[in-house]
Amino acid sequence: AKSAGRNQIAFFEGDMQIEVEQRLTLERDLAKALEQHELQMVMQAQVNNLGEAVGAELLMRWHSKERGMVSPALFIPLAEESGLIVKMGDWVLLEACAILKRLRREGHQFPLSINVSPKQFRQKDFVDKVIAALETQGVGGENLIFEVTEGLFIDNLQETISRMSKLAGLGIRFSIDDFGTGYSSLNYLKRLPLYELKIDKSFVQDVPGDANGTAIVGSILSMAKQFGLKVVAEGVETEEQASYLITNNCDSMQGFLYSRPTAPDIWMANHAQEKKQ
Ligand code: C2E
Ligand code: CA
Ligand code: CA
Ligand code: CA
C-alpha cells in the first residue's frame, strides 16, 4: 500500500512536470507571437433594440503557426500571470486606434470597447501610453470604452479612482466587464467614474428560463438605471434572451445571435451599405 501511494505521488509529480513544461513553452511561443504578428484583433458588434451597431468589442485572437488557433481562455490568463499582458495590451491600444480610424473613414461612428487588464491599468505610464496611442492616429478618447473587471477595485481604490478620472478627462468611458461575477461590494459603484455595466454571459444564458438567473439580470438592469449607467448584455444567443433584454430596457446586446467576432476589414466590407454620412 505504501509503495502504491508513492507511485501515485510520483505519477502526480510527473503530471505536474509536464504541465509546467507546457506552460513554459506556451509562454515562450506567446512572447514570439507578439513579435511575429500572429496576434490579431477581431470585432464583435453591440447592437441596440433595432439591431443597429452602436458599439463593438475588440477581442484578441492567436493564430499560431505551430499550434493553430489558441483559445483566449488559455493564453490570456497565462499572459496575465507572466506579465506579458502589459505588452499585449499596449499593442491592443494601438490596434484599436488604427481600427477606429478605418471605421470612421468607412462612415461608422460607434465607439470601440477594449479589455484592459488590471496589470496593464496599474502600469505607471499607462495614461501616457493611452495619450500616445490616441495621438498616433489622431482619434479622441471619446471613441474608446475600457472594459475593466471588478478585480481592479480590490486594492488601491483611491489610486484607481484618480487614474480612471484622468482617463475620463480624456473622454474615455469605463465599463465593468463580467459584472456580478467578482467578489467586490457594490459600494464602489457610486465612487467610480463609470459609464456602463456589462452583464456576463453566464447570467444572460439563464434568461428567461431560469428564475434565479433572470432575477439577477433584472436586478442588474434596474440597479444600473438607478445609478444612471448603461447596460450591455454579453453572450446573447437566442431570440428569447434578446426579447427579455429589450423588454427590460437593456441598452445594447452582444452575442452570436447578432454576430460572431469578425476581422474588422471583413465586418466593414459586410456593412458597407450601412454607412452613416
Ligand atoms: P470577455 O471579455 O468576457 O469576452 C466575451 C467572450 O464571450 C469572448 O470570448 C467572446 O468571443 C465570447 N462570446 C461572444 N458572444 C458570445 C455568445 O453569444 N455565446 C458565447 N458562448 N460566447 C460569446 P473570447 O474571445 O474567447 O475571450 C475570452 C476572454 O479573454 C474575454 O472574455 C476577455 O476576458 C479575454 N480577452 C479577449 N481579448 C482580450 C484582450 O485583448 N485583452 C485582454 N486583457 N483580455 C482579452
Ligand atoms: Ca470584455
Ligand atoms: Ca472579461
Ligand atoms: Ca464575460
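Remember, it's 1-based here, ligands and their atoms both numbered in the order they're listed. Residue numbers start at 1 and run along the sequence shown.
Partner of Gln44 under the side chain to side chain donor-acceptor pair (under 3.5 Å) criterion, chosen from Glu57, Glu234, Gln254: Gln254. Paired with Asn49 under the rule side chain to side chain contact (heavy atoms under 4.5 Å, CB included), one option of Ile246, Asn249, Asp251 passes, and it is Ile246.
For ligand 1, none of its N or O atoms has an N or O atom of Ala73 under 3.5 Å away. Of the polar atoms of Leu59, none of the N or O atoms is found under 3.5 Å from an N or O of ligand 1, judged by distance alone.
Residue contact check: Gln44 has heavy atoms under 4.0 Å from atoms 14 (C), 15 (N) of ligand 1. The distance from ligand 1 to the heavy atoms of Gln205 drops below 4.0 Å at these ligand atoms: 21 (N). Shown in contact with Gly255 at under 4.0 Å from a heavy atom are these atoms of ligand 1, numbered in order with element: 15 (N), 18 (O). Taking every non-hydrogen atom of Pro261 and a distance limit under 4.0 Å, the qualifying atoms of ligand 1 come out as 11 (O). Distances below 4.0 Å separate heavy atoms of Ile85 from the following atoms of ligand 1: 44 (N). Atoms of ligand 1 lying under 4.0 Å from any heavy atom of Glu237, numbered from 1 in the order shown and given with element: 17 (C), 18 (O), 19 (N), 20 (C), 21 (N).
For Lys201, every heavy-atom contact with ligand 1 shorter than 4.0 Å involves the side chain, none the backbone. Only the side chain of Arg61 comes within contact range of ligand 1, with a heavy atom under 4.0 Å; no backbone atom does. Only the side chain of Asp178 comes within 4.0 Å of ligand 1, judged by heavy-atom distances. For Val92, every heavy-atom contact with ligand 1 shorter than 4.0 Å involves the side chain, none the backbone. With a heavy-atom cut-off of 4.0 Å, Asn115 touches ligand 1 through backbone and side chain alike. Contacts between Met41 and ligand 1, counted as non-hydrogen atom pairs separated by less than 4.0 Å, involve the side chain only. Only the side chain of Asp177 comes within 4.0 Å of ligand 1, counting heavy atoms alone; its backbone N, CA, C and O stay farther away.
Put simply, Glu147 gets within reach of the Ca ion (ligand 2), with an N, O or S atom under 3.0 Å from it. For the Ca ion (ligand 2), the N/O/S atoms of Asn115 include one lying under 3.0 Å. With a cut-off of 3.0 Å, the Ca ion (ligand 4) has an N, O or S atom of Asp200 in range. Distance check for Glu57 against the Ca ion (ligand 2): an N/O/S atom falls below 3.0 Å.
For CZ of Arg102, the number of neighbouring non-hydrogen atoms (other residues, nucleotides, ligands) closer than 6.0 Å is greater than 12. More than 12 heavy atoms of other residues, nucleotides or ligands sit less than 6.0 Å from atom NZ of Lys65. The environment of CG in Leu170 is crowded: more than 12 heavy-atom neighbours from other residues, nucleotides or ligands sit within 6.0 Å.
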Before giving the answer on ring-ring contact (aromatic ring centres under 6.0 Å, His included), spell out for His108 and Trp267 the whole-Å C-alpha distance, their side-chain angles and the decisive distance to 0.1 Å. CA-CA 11 Å; His108 301 287; Trp267 189 89; 4.9 Å; yes
Go through Phe121 and Phe126 one step at a time and tell me if the ring-ring contact (aromatic ring centres under 6.0 Å, His included) criterion holds. CA-CA 6 Å; Phe121 184 90; Phe126 181 61; 5.7 Å; yes
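Within the structure, ligand 1 has Gly235 among the residues with a heavy atom less than 4.0 angstrom away. The shell of residues lying under 4.0 angstrom from ligand 1, judged by heavy atoms, excludes Gly89. Residue contact check for ligand 1: Gln254 places no non-hydrogen atom closer than 4.0 Å to it. Every heavy atom of Lys198 sits 4.0 Å or more from the atoms of ligand 1. Residue-ligand proximity: Glu57 is placed with a non-hydrogen atom under 4.0 Å from ligand 1.
The closest donor-acceptor contact from the side chain of Asp206 to the backbone of Asp210 lies at 3.5 Å or more, if one exists at all. Between the side chain of Gln226 and the main chain of Met223, no donor-acceptor pair closer than 3.5 Å is present.
Between Lys119 and Glu80 there is no salt bridge, since none of the side-chain N atoms of the basic residue sits less than 4.0 Å from a carboxylate O of the acidic one. Using a 4.0 Å cut-off between charged side-chain N and carboxylate O, Glu237 and Lys201 make no salt bridge. Classification of Asp178 and Lys198 as a salt-bridged pair fails, no side-chain N sitting under 4.0 Å from a carboxylate O. Ion pairing between Lys32 and Glu38 fails under the 4.0 Å rule for side-chain N and carboxylate O.
Closest to the Ca ion (ligand 2) among the N, O or S atoms of Asp177 is OD2.
Angle subtended at the Ca ion (ligand 4) by Asp178 OD1 and Glu234 OE1: 110°, rounded to 10 degrees.
The structure places CG of Asp128 at 8.5 Å from NZ of Lys166, a figure rounded to the nearest 0.5 Å.
A donor and an acceptor atom, one from each side chain of Arg122 and Asn156, are nowhere located under 3.5 Å apart.
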